[in-house]
Amino acid sequence: MKLEESFYAGKDPVKVAKALLGKFIFTRIRGKVTAGMIVETEAYSYRERASHAYRGKTKRNRVMFGAGGVSYVYLCYGIHHLFNVVTNDAGIADAVLIRALEPKIGEDLMLKRMKTKKLTRITSGPGKLTKALGINIKHNGKPLWEDELWIEEGLPISKKKIKASARIGIDYAGSDALLPWRFTIEGNVWVSKP
DNA sequence: TACGTGATCACG
DNA sequence: GTGATCACGTAA
């Protein structure tokens, strides 16, 4: 079952970040399906300095200012595409970054995209998982219940297994870098920094 | 630890 | 226009 708009729209990004653990991200590119279970997320709010939306609307972040339930994909360091889920209401620019997946469907195609044969750590990081699933800038701004990129109900994750920690790679955000808004499934080997 | 890589953003 | 910066990954 695909998650509906109500899962994202009007919802706090921290709550959605936790709720997304265990859910499955699917892509269907040129008819080929790949999917992975979300094992690591980070919440971003326009109210704090780590967010792209902190300084207001720009060409890059404009989809964050729309209603929840669409993707926000952008190019990072000129090389990596990063995939976010927009949450909350229009005008409240909140989002959740997907940082790691556990491969579930179409592993052979993911290996091909990653140019490796070993099914290890190929989706353990925000830049890698988009490459493995074929997500790129053209998916930016698309609702997450369409036919090329979507999210489905997955495995239930008990609250006890959800671990909070500080977000990665945002030292520039000063004290906001300390917010415990990174969520991982404790013990899962596919998280980005074990 | 160092650096590739290119769009983006805040300046003028 | 231009230059600094960057929600990363890999090699070393």
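Naming convention: chains lettered A, B, ... in sequence-line order (proteins, then strands); numbering from 1 in each chain. Computed from a prediction, not measured in an experiment: that's the story for all the values here.
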N/O (side chain, A:Arg121) to phosphate O (OP1/OP2, C:dG9) under 4.0 Å:
no
Do any side-chain nitrogens or oxygens of A:Lys131 fall under 4.0 Å of OP1 or OP2 in C:dC8?
no
Specify the separation, in whole Å, of atom [atom1] of [X] and atom [atom2] of [N].
{"X": "A:Arg113", "N": "C:dG9", "atom1": "CZ", "atom2": "C1'", "answer": "19 Å"}
{"X": "A:Arg60", "N": "C:dC6", "atom1": "CZ", "atom2": "C1'", "answer": "8 Å"}
{"X": "A:Lys128", "N": "C:dA7", "atom1": "NZ", "atom2": "P", "answer": "19 Å"}
{"X": "A:Tyr77", "N": "B:dT5", "atom1": "OH", "atom2": "P", "answer": "16 Å"}
{"X": "A:Leu178", "N": "C:dA7", "atom1": "CG", "atom2": "C1'", "answer": "16 Å"}
{"X": "A:Met64", "N": "C:dA7", "atom1": "CE", "atom2": "P", "answer": "11 Å"}
{"X": "A:Leu129", "N": "C:dG9", "atom1": "CG", "atom2": "P", "answer": "8 Å"}
{"X": "A:His52", "N": "B:dA10", "atom1": "NE2", "atom2": "P", "answer": "12 Å"}

Output the single nucleotide from [options] whose closest atom is nearest the side chain of [X].
{"X": "A:Leu97", "options": "C:dA7, C:dC8, B:dC9", "answer": "C:dA7"}
{"X": "A:Leu75", "options": "C:dC6, B:dA7, C:dC8", "answer": "B:dA7"}
{"X": "A:Cys76", "options": "C:dC8, C:dT10, B:dG4", "answer": "C:dC8"}
{"X": "A:Ile79", "options": "B:dA10, C:dA7, B:dT5", "answer": "B:dT5"}
{"X": "A:Thr58", "options": "C:dC8, C:dA7, B:dC9", "answer": "B:dC9"}
{"X": "A:Tyr172", "options": "B:dC9, C:dC6, C:dC8", "answer": "C:dC6"}
{"X": "A:Pro126", "options": "C:dG9, B:dT5, C:dA7", "answer": "C:dG9"}

Does this structure show an ion pair linking A:Lys2 with A:Asp147, if we count only N-O contacts that are shorter than 4.0 Å?
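Counted as a salt bridge, because a side-chain N and a carboxylate O are separated by less than 4.0 Å.
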Identify whether the distance between the nearest side-chain nitrogen and carboxylate oxygen of A:Lys23 and A:Glu153 falls below 4.0 Å.
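Looking at A:Lys23 and A:Glu153, the cut-off is met.
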Across every strand shown, the nucleotide meeting Watson-Crick or G-U wobble geometry with B:dT5 (both distances under 3.5 Å) is none
Whom does C:dA7 pair with, Watson-Crick or G-U wobble, provided both distances fall under 3.5 Å?
none
Scan A:Gly127 against the nucleic acid and name what it touches under 4.0 Å (heavy atoms): base, sugar-phosphate only, or nothing.
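Counting heavy atoms under 4.0 Å across all strands, the contact made by A:Gly127 is with sugar-phosphate only.
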By the 4.0 Å heavy-atom rule, please label A:Arg55 as base, sugar-phosphate, or nothing.
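Touches sugar-phosphate only.
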From [X] [atom1] over to [Y] [atom2], what is the distance, rounded to the nearest 0.5 angstrom?
{"X": "A:Asn84", "Y": "A:Arg99", "atom1": "CG", "atom2": "CZ", "value": "11.0 Å"}
{"X": "A:Leu75", "Y": "A:Asn136", "atom1": "CG", "atom2": "CG", "value": "10.0 Å"}
{"X": "A:Thr27", "Y": "A:Ile25", "atom1": "OG1", "atom2": "CD1", "value": "9.5 Å"}

Between A:Met114 and A:Tyr44, just flag the one whose closest nucleotide in DNA chain C comes earlier from the 5' side.
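Result of the comparison: A:Tyr44.
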Hey, what's the ring geometry for A:Tyr72 with A:His52, parallel, tilted or perpendicular (30° and 60° as the breaks)?
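Rings of A:Tyr72 and A:His52: perpendicular, as their planes differ by over 60°.
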